[in-house]
Amino acid sequence: MLKDLCLLNGTSGDEGRVREYIINQIKDYCDYETDALGSVIAYKKGRKTPNKKVSFNAHMDEVGFIITDITDEGYLRFSTVGGIDCRVCLDKVVDINGVKGVIGDKAYHLLDEEERKTAPSFDKLLIDIGASSREEAEKVVSLGDFAYFESEYYEFGDGFIKAKALDDRIGCMFLIKLIQSDLEYDTVFCFNVQEEVGLRGAQCTSFSIQSDISIILEATTAADLDGVSGSDRVCVAGNGPVVSFMDRRTVYDRGLYNLAMSTARENSIPCQTKTKVAGGNDAGAIQVSGKGSRVCAISLPCRYIHSASSVVKKSDIENTEKLIIKLMEKIYD
C-alpha cells in the first residue's frame, strides 16, 4: 500500500489521484464525504460510542512544481508548490502529464567563481522536455500544469525504504489500515489536502468536525547524518516514532504528549522526541480551529524530506503502528 501511495502524483491542489485511491481502499469500511477543497472525512463506527470526539489526521498532498512560463526555445519555467530546497532539484527528472523533463542549470565548467560558491535560485533553473521551440512545448505542456519528481520506490540496506512523497503518504497508509480494522470506539479520520502550502485542508476539516482530541500522523525531518551531532540531528531513523512537544506552528498538548511517551515506555516501543523546534504540520491549523482541539503529533523520522529520495526505516513504520494502536486504547479514557 505504501508503494502504491508514494508512486501516485498529487501535489497541493492536484490530489485527485491520491483521493481516488484512498476512497477505493476505505469505501467498504466506513461512511465518508469529500469537502469543497477535496479533503476526505471518514466516519468509522466502533463497538462503542465515546464521550469525546477523536480524529486522526494525515495529508494527501506532496511537494512539487507548477509551470509558469515557456521560453522561445521550449524550456519551462516553474515555481515550487510547497517547501523545496533548490539544491535537491538540480538534474532531477520530473513528470508533467506523462512527459518527462530534466531540471537543468548551466554546466559546472561554465559557472563563474561566485556562482560555484552558492546554490542557484529557482528563477535560474529551467525544465528541459526536449522541445526545440515554444510551439513544440505547448503541444504537450500548458501553463499551470503540475510537475512531479520522477522517483522509484525501493528497499535498500538495513531495512530502509526510499521514495518520494513519504511525507505524508505514510500517514495516509496508517489511516487506511485503521479504517480497515475493527475499532473499539467511533472515530473520525481526515485525509487533508494542501498541507504543504499552508495547512489549508486541515483548517476546513477541523472546523467541520470539531474534534476534542486530534492525532496527526506525519513524517518529520531526520538529520542523523555524518558530521551532524547532538540536538541538530532532530530525530534518528531507527529510534522509533517521534512525538513532538513543540514545532514552529504548534505547542502540543502536554497531557497527550506525556500519554504517548508513557504508552511507548509501558509497551517497550522505541520512541523519541524532536530535539529542535522546527517544521510544522496540520496540528497548527487544527489546534486553533473553531472551539480548539487538543493535539498530538506522531511522526516517522524521514531523511532527505521534501525531495525525490526521502528515506524511512521499516522498523519505525512497525513501531509507529504499534504505538498508535496502544494509544487508541487509552485516549478515550
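Keep in mind the model is a prediction, meaning the values are calculated, not measured.
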Q: Does NZ belonging to Lys330 count more than 12 external heavy atoms closer than 6.0 Å?
A: yes

Q: Is there a continuous path of hydrophobic side-chain contacts, each under 4.5 Å between heavy atoms, that joins Phe146 to Ile129?
A: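 Phe146 does not cluster with Ile129.
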
Q: Does Asn319 use its side chain to pair, donor to acceptor, with the backbone of Pro270 at less than 3.5 Å?
A: no

Q: So, do Val140 and Asn97 sit near enough that their side-chain heavy atoms are less than 4.5 Å apart?
A: no

Q: List the steps, then state whether side chain to side chain donor-acceptor pair (under 3.5 Å) holds for His306 with Glu196.
A: CA-CA 10 Å; His306 286 197; Glu196 299 291 1; 3.2 Å; yes

Q: Measure the spacing between CG of Leu125 and CG of Leu90 and express it to the nearest 0.5 Å.
A: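 Leu125 atom CG to Leu90 atom CG measures 5.5 Å (nearest 0.5 Å).
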
Q: Before you tell me yes or no, could you show the steps for Thr220 and Lys274 under side chain to side chain donor-acceptor pair (under 3.5 Å), namely the whole-Å CA-CA distance, both residues' side-chain angles and the distance that decides it to 0.1 Å?
A: CA-CA 9 Å; Thr220 194; Lys274 289 173 72 169; 3.2 Å; yes

Q: Less than 6.0 Å separating the ring centroids of Phe56 and Phe174?
A: no

Q: Can you tell me how far CG of Leu178 sits from OG1 of Thr187, rounded to the nearest 0.5 angstrom?
A: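 So the gap between those two atoms works out to 8.5 Å.
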
Q: Does a side-chain heavy-atom distance below 4.5 Å link Val94 with Ile127?
A: yes

Q: Can you check whether Tyr21 reaches Val18 side chain to side chain, under 4.5 Å on heavy atoms?
A: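 Counting from C-beta outward, Tyr21 and Val18 never come under 4.5 Å.
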
Q: Are Asp186 and Lys45 ion-paired here, with the side-chain N under 4.0 Å from a carboxylate O?
A: yes

Q: Examine distances only and state if a side-chain atom of Arg248 and a backbone atom of Ala278 form a donor-acceptor pair shorter than 3.5 Å.
A: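 Not confirmed, Arg248 side chain does not pair with Ala278 backbone.
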
Q: Is the backbone of Gly10 close enough, under 3.5 Å, to the side chain of Asp14 for a donor and an acceptor to pair up by distance?
A: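 Looks like no, no N/O pair under 3.5 Å.
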
Q: Is there a side-chain contact between Glu218 and Ser244, using heavy atoms and a 4.5 Å cut-off?
A: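 With C-beta onward as the side chain, the pair stays apart.
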
Q: Does the side chain to side chain contact (heavy atoms under 4.5 Å, CB included) test come out yes or no for Leu217 and Asn57, once each step is laid out?
A: CA-CA 6 Å; Leu217 305 181; Asn57 302 262; over 6 Å; no

Q: Just by modelled atom types, is the Glu152 backbone N or O under 3.5 Å from a matching donor or acceptor in the Lys162 side chain?
A: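 Side chain of Lys162 to backbone of Glu152, a donor-acceptor pair under 3.5 Å: yes, one is there.
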
Q: Once you round to the nearest 0.5 Å, how far does CD1 of Ile84 lie from OG1 of Thr80?
A: 5.5 Å

Q: Around atom CD of Gln180, are there more than 12 heavy atoms of other residues, nucleotides or ligands at under 6.0 Å?
A: yes

Q: Does Val40 offer a backbone N or O that forms a donor-acceptor pair with the side chain of Thr34 under 3.5 Å?
A: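 Judged by distance alone, no pair lies under 3.5 Å.
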
Q: Salt-bridged, Lys276 to Asp232, with N to O below 4.0 Å?
A: yes

Q: Decide yes or no on salt bridge (charged side-chain N to carboxylate O under 4.0 Å, His left out) for Asp31 and Lys44, but give the supporting numbers first.
A: CA-CA 7 Å; Asp31 295 324; Lys44 171 72 176 183; over 6 Å; no

Q: Begin with the C-alpha distance, continue with both residues' side-chain angles, and end with the deciding distance and a verdict on salt bridge (charged side-chain N to carboxylate O under 4.0 Å, His left out) for Asp212 and Lys291.
A: CA-CA 9 Å; Asp212 300 296; Lys291 64 181 177 59; 3.3 Å; yes

Q: So does Thr11 get a backbone contact from the side chain of Tyr148, meaning a donor-acceptor N/O pair under 3.5 Å?
A: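 Checking the backbone N and O of Thr11 against the side chain of Tyr148, a donor-acceptor pair under 3.5 Å is found.
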
Q: Okay, side chain of Ser299, backbone of Ala219: is any donor-acceptor separation there less than 3.5 Å?
A: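 Side chain of Ser299 to backbone of Ala219, a donor-acceptor pair under 3.5 Å: no, none is there.
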
Q: Any side-chain heavy atom of Ile331 within less than 4.5 Å of one from Ile215?
A: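 Yes; the side chains approach each other to less than 4.5 Å.
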
Q: Between Tyr252 and Phe245, is the gap from one ring center to the other below 6.0 Å?
A: no

Q: List the atom of Pro301, the atom of Val236, and the distance in Å for their closest heavy-atom pair.
A: CG-O, 3.7 Å

Q: Is Asp85 salt-bridged to Arg87, cutoff N-O under 4.0 Å?
A: yes

Q: Is there a side-chain contact between Ser262 and Glu266 (heavy atoms, below 4.5 Å)?
A: yes

Q: Between Leu143 and Thr68, does a side chain to side chain contact (heavy atoms under 4.5 Å, CB included) hold up when you go through it step by step?
A: CA-CA 5 Å; Leu143 302 189; Thr68 58; 6.0 Å; no

Q: With a 4.5 Å heavy-atom cut-off, do Glu321 and Glu318 have their side chains touching?
A: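 Answer no - side chains too far apart.
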
Q: Cluster question for you: counting only ILVMFWY and a side-chain heavy-atom cut-off of under 4.5 Å, with indirect links fine, are Met1 and Tyr29 together?
A: yes

Q: Between CZ of Arg19 and CZ of Phe191, what distance do you get to the nearest 0.5 Å?
A: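 The CZ atom of Arg19 sits 12.5 Å away from the CZ atom of Phe191.
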
Q: Check the pair Ser206, Ser289 against side chain to side chain donor-acceptor pair (under 3.5 Å), reporting the backbone distance first and the verdict last.
A: CA-CA 6 Å; Ser206 57; Ser289 179; 3.2 Å; yes

Q: Determine whether Ile317 and Leu2 satisfy the following criterion, side chain to side chain contact (heavy atoms under 4.5 Å, CB included), listing intermediate values before the conclusion.
A: CA-CA 10 Å; Ile317 297 175; Leu2 183 59; 4.0 Å; yes

Q: Can you tell me how far the CE atom of Met328 sits from the CG atom of Leu183, to the nearest 0.5 Å?
A: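 Result: 4.5 Å between the selected atoms.
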
Q: Are more than 12 heavy atoms, taken from residues, nucleotides or ligands other than Asp182, located less than 6.0 Å from that residue's CG atom?
A: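 Not more than 12 within 6.0 Å, no.
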
Q: Kindly check if the number of other-residue, nucleotide or ligand heavy atoms within 6.0 Å of OH (Tyr257) is above 12?
A: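 Counting neighbours around OH of Tyr257, more than 12 heavy atoms of other residues, nucleotides or ligands fall under 6.0 Å, so yes.
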
Q: With no hydrogens and no angle check, is any side-chain donor or acceptor of Ser133 less than 3.5 Å from a backbone partner on Glu136?
A: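 Side chain of Ser133 to backbone of Glu136: a pair is present.
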
Q: I need the Ser151 OG to Glu62 CD distance, nearest 0.5 Å.
A: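 Between Ser151 OG and Glu62 CD, I get 9.5 Å after rounding to 0.5 Å.
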
Q: For Ser214 and Ser211, what are the C-alpha separation, side-chain angles and deciding distance, and is it a side chain to side chain donor-acceptor pair (under 3.5 Å)?
A: CA-CA 6 Å; Ser214 304; Ser211 58; 2.7 Å; yes

Q: Test Arg303 against Asp224 for salt bridge (charged side-chain N to carboxylate O under 4.0 Å, His left out), laying out the working first.
A: CA-CA 8 Å; Arg303 295 174 183 163; Asp224 55 332; 3.0 Å; yes

Q: Ala202 and Ile286: which non-hydrogen atoms are nearest, and at how many Å?
A: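 Closest heavy-atom pair between Ala202 and Ile286: CB-CG1, 4.0 Å.
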
Q: When you look at NZ of Lys92, are more than 12 heavy atoms from neighbouring residues, nucleotides or ligands closer to it than 6.0 Å?
A: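 Atom NZ in Lys92 is crowded, with more than 12 foreign heavy atoms closer than 6.0 Å.
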
Q: Under 3.5 Å, side chain of Asp168 to main-chain N/O of His59, donor-acceptor pair present?
A: yes

Q: Is the shortest heavy-atom distance from the side chain of Leu323 to the side chain of Cys271 under 4.5 Å?
A: yes

Q: For the CZ atom on Arg77, are there more than 12 heavy atoms of other groups (residues, nucleotides or ligands in this structure) within a distance under 6.0 Å?
A: no

Q: Would the distance check show the side chain of Arg200 and the main-chain N or O of Gln194 forming a donor-acceptor pair, the cut-off being under 3.5 Å?
A: no

Q: Does atom NZ of Lys52 have more than 12 heavy-atom neighbours from other groups under 6.0 Å away?
A: yes

Q: Please indicate whether Tyr43 has more than 12 foreign heavy atoms, meaning atoms of other residues, nucleotides or ligands, lying under 6.0 Å from its OH.
A: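 More than 12 within 6.0 Å, yes.
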
Q: Apply side chain to side chain contact (heavy atoms under 4.5 Å, CB included) to residues Thr320 and Ile298 and explain how you reach the verdict.
A: CA-CA 8 Å; Thr320 300; Ile298 302 174; 4.0 Å; yes

